Amino acid sequence: METFPHTEQPLLELSQVTALTDLSATTAGADPSRVYEDLRKRWGNVAPVQMEPGVPAWLVLGYREFLAVARPDGTLFSRDTRHWRLHREGQLPEKAAIWAYTPPIAAKPWSSFHHDGDTRARLRRPLDDALEALPDKAVKDRTEQVCGLLLDRLDGEEGTVDLVREYAAVVGFGAMAALFGFDPDTAEQMRQDSAVIMQEYGPQTAEARTRMGQALMGHVASRQAEAAVDLTSEFVRHPSFLNGREIADSMTVPLIAAAEFLTAWIALTLRLVLADQRFSARWRGGRLDLDQALDEVLWRDTPVPNSCLPRFATQDTVLGGMQIRKGDALVLAMAGANHDPQFFAGDLEVGNRSHLAWGTGPHACPARSQARLITRTAVERIRQELTLSLAVPVEQIQWAHTPWVRRPQALPVHYRREATRGHEL
Ligand code: HEM
């Protein structure tokens with residue numbers, strides 16, 4: 001296999017590589033760490049990949065390079081899609097799935113996720129303030145309610161259920177929608193629209209986007225007319241927001257993207273505690289240290305392995321020995337940097353949280369503690385009510401085919417309702 005860089009050659013440019021590794025190889029394969037390792041061996045800490053066919057990008061795998069891209073606020077690497085050469089020149093495939101996170105320039109959303117510098121800081125403040133003011137009890141209670149509704153819906157005393165579709169995905173969206181104050185019916189419609197938006201871009205995407213936009217704007221208007229006790233009302237009250245559109249746009253990442261992220265973390269944790277012998281015996285015996293399982297997932301099976309909105313180079317530069325051209329896209333590989341052998345040995349120390357599962361820098365996840373509480377509650381609650389065992393051998397569990405999150409496509413389990421806890425299956 002050819003390796004790069006060779007010192008006698010000029011630096012490699014993205015346009016020179018034709019056979020590109022698909023980014024979903026880092027999420028949908030049985031052993032993503034192997035894929036990162038191969039990329040690292042071949043290219044070094046910054047590797048050329050394709051987000052999907054026809055959409056090339058640099059994948060930033062090195063811990064040091066990751067920090068160099070993520071930490072400065074938009075000066076050299078921007079979140080603003082107007083810098084993206086492919087986008088500017090109209091070369092992106094019409095049906096690119098990247099559109100789920102990167103709407104056309106004309107529809108540029110007003111959220112901290114999509115901006116840099118002062119605008120980012122202004123749009124981020126309400127999010128940080130509202131999350132800080134949110135009592136843990138509210139997060140736990142709302143999550144418990146959503147979980148309770150789902151568990152009540154299961155047929156009979158025992159049966160088989162897909163924990164991704166019937167539980168993790170619904171809890172992920174439902175918990176955040178409840179915290180924003182949506183009623184369950186609107187939340188369910190939005191969840192279905194969100195699922196369409198996250199798939200391939202097409203006519204249904206536009207419809208789903210329109211319906212979602214209307215639901216968000218309508219909800220904001222209702223809280224502007226009369227405040228309630230929820231995150232939307234906190235946003236409405238916040239002086240940083242200039243209008244309802246900014247509020248609605250700032251709700252999409254915590255709702256749509258965060259739901260995907262939560263789904264992944266819940267599903268991966270359930271898979272780990274059900275399938276891995278180190279955890280499964282303790283899980284059945286009621287002695288599981290759940291935080292240890294949650295942390296292990298963040299390190300080893302990072303739920304968001306790749307940053308879903310790339311950064312775009314605002315000028316020519318060199319990174320990890322590669323020639324980055326103005327307008328190139330760079331995807332941060334949280335999972336890749338977590339396994340950078342220059343920084344981390346293979347063994348996990350209990351309690352070590354220096355991983356990059358939450359990103360870092362100005363765009364780092366603002367909701368770590370809330371996300372942990374939702375995930376923890378979802379896993380605990382199902383454990384209190386059901387005795388579970390995998391319905392298929394663990395090797396048969398397939399991985400979802402998406403470039404951004406790592407999660408099982410389905411997690412079929414046998415369940416049995418338990419009046420008392422703590423005995424073997
Ligand atoms: C309560 C649930 C969650 C909420 C409300 C939430 C919200 C957000 C928001 C608003 C951002 C963008 C911040 C900005 O650009 O200013 C973000 C970024 C991020 N979130 Fe979360 N999130 C949640 C759960 C999760 C989970 C479960 C994970 C994975 C373990 C995660 C991983 C990330 C990462 C990696 C980024 C950074 C992306 C980047 O730098 O490109 N989040 N989150």
Side-chain angles (χ1 to χ4, degrees), residues 57 60 66-67 69-74 77-80 101-102 109-117 119-128 130-132 134 136 138-140 142-143 146 168 171-180 231 235 240 249-269 294-312 329-338 353 355-379 404-407:
V60 183
F66 187 111
L67 301 188
V69 174
R71 287 216 166 136
D73 195 355
F77 303 106
S78 166
R79 287 300 294 253
D80 189 332
Y101 291 97
T102 314
W110 285 95
S111 85
S112 61
F113 194 60
H114 298 90
H115 286 265
D116 310 304
T119 308
R120 180 207 66 78
R122 176 175 70 75
L123 293 167
R124 172 77 182 232
R125 222 166 288 128
L127 197 59
D128 289 334
L131 289 169
E132 201 185 320
L134 185 64
D136 281 356
V139 178
K140 193 164 179 3
R142 297 288 187 286
T143 310
V146 177
V171 173
F173 199 95
M176 283 315 297
L179 287 166
F180 275 105
L231 288 174
F235 277 15
S240 268
D249 283 0
S250 295
M251 287 162 66
T252 55
V253 173
L255 272 170
I256 303 182
E260 290 276 310
F261 301 172
L262 285 168
T263 304
W265 200 11
I266 295 169
L268 288 166
T269 307
L294 292 169
D295 282 336
E296 176 148 340
V297 168
L298 292 180
W299 266 113
R300 287 205 204 279
D301 245 342
T302 313
V304 185
N306 305 311
S307 68
C308 46
L309 177 59
R311 272 69 172 170
F312 309 102
L330 296 99
V331 174
L332 294 175
M334 331 296 178
N338 278 349
R353 291 186 180 167
H355 54 73
L356 290 166
W358 305 107
T360 186
H363 290 284
C365 184
R368 299 165 201 209
S369 67
Q370 293 81 6
R372 179 175 288 267
L373 190 49
I374 293 170
T375 305
R376 188 177 222 296
T377 305
V379 176
W404 317 117
V405 295
R406 166 102 173 138
R407 68 164 171 83

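Whatever order the structure lists them in is the order used to number ligands and atoms, beginning at 1. As the structure is a computational prediction, the values presented were derived from the model and not from experiment.
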### Query
What about Trp265: any of its N or O atoms under 3.5 Å from an N or O on ligand 1?
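Between Trp265 and ligand 1 (N or O atoms, distance only) the closest approach is not under 3.5 Å.
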
Tell me the contacting part of [X] for ligand 1: side chain, backbone, both, or neither, using a 4.0 Å heavy-atom threshold, strictly below.
X	result
His355	neither
Leu127	side chain
Met334	side chain
Thr375	neither
Arg124	side chain

Subset of ligand 1 atoms that lie under 4.0 Å from at least one heavy atom of [X]:
X	answer
Leu298	30 (C)
Arg79	39 (C), 40 (O), 41 (O)
Pro303	30 (C)

Tell me which protein heavy atom sits closest to [atom], plus the residue, atom name and distance to 0.1 Å.
atom	value
atom 16 (O) of ligand 1	Ser112 OG, 2.7 Å
atom 12 (C) of ligand 1	Phe113 CD1, 3.5 Å
atom 1 (C) of ligand 1	Met176 SD, 3.5 Å
atom 15 (O) of ligand 1	His363 ND1, 2.8 Å
atom 40 (O) of ligand 1	Arg311 NH2, 3.0 Å
atom 35 (C) of ligand 1	Ala357 O, 3.2 Å

### Message
Strictly under 2.8 Å, how many protein N, O or S atoms lie near atom 21 (Fe) of ligand 1? Waters don't count.
### Response
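Total protein N/O/S atoms under 2.8 Å from atom 21 (Fe) of ligand 1: 1.
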
[X] to [Y] - nearest heavy-atom pair and separation:
X	Y	value
Val331	Ala57	CG2-CB, 4.1 Å
Met334	Ala357	CB-CA, 4.4 Å
Val171	Val146	CA-CG1, 4.0 Å

For [X] and [Y], indicate whether the former's side chain and the latter's backbone hold a donor-acceptor pair under 3.5 Å.
X	Y	result
Gln370	Leu131	yes
His115	Pro109	yes
Thr302	Val297	no

#### Entry: Cationic tip of Arg79 above Phe312 ring, under 6.0 Å, 45° of axis
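Not flagged: Arg79 not positioned over aromatic ring of Phe312.
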
### Query
What do you reckon, are the aromatic ring centroids of Trp358 and Trp265 less than 6.0 Å apart?
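Yes.
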
### Message
Tell me whether ligand 1 is touched by Leu332 - counting only heavy atoms on the residue side and a distance under 4.0 Å.
### Response
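Under 4.0 Å: no for Leu332.
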
### Query
Do Asp136 and Lys140 sit within salt-bridge range, that is, some charged N less than 4.0 Å from a carboxylate O?
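Judged by the 4.0 Å cut-off on N to carboxylate O distance, Asp136 and Lys140 do not form a salt bridge.
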
### Message
One pair to check against salt bridge (Lys or Arg N to Asp or Glu O under 4.0 Å): Asp80 and Arg311. What are the steps and the verdict?
### Response
CA-CA 8 Å; Asp80 189 332; Arg311 272 69 172 170; over 6 Å; no

### Task
Report the distance from atom CZ of Arg120 to atom CZ of Arg125, rounding to the nearest 0.5 Å.
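That separation rounds to 9.0 Å.
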
### Message
Does the plane of the ring in Phe180 sit parallel, tilted or perpendicular to the ring in Phe235? Use 30° and 60° as the thresholds.
### Response
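Because their plane-to-plane angle is over 60°, the rings of Phe180 and Phe235 count as perpendicular.
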
### Message
Just to verify, what does Phe66 make a ring-ring contact (aromatic ring centres under 6.0 Å, His included) with, not counting sequence neighbours?
### Response
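Result, ring-ring contact (aromatic ring centres under 6.0 Å, His included) vs Phe66: none returned.
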
### Message
Could you go through Asp249 and Ser111, starting from their C-alpha distance and side-chain angles, then the distance that decides it, and tell me whether this counts as side chain to side chain donor-acceptor pair (under 3.5 Å)?
### Response
CA-CA 6 Å; Asp249 283 0; Ser111 85; over 6 Å; no

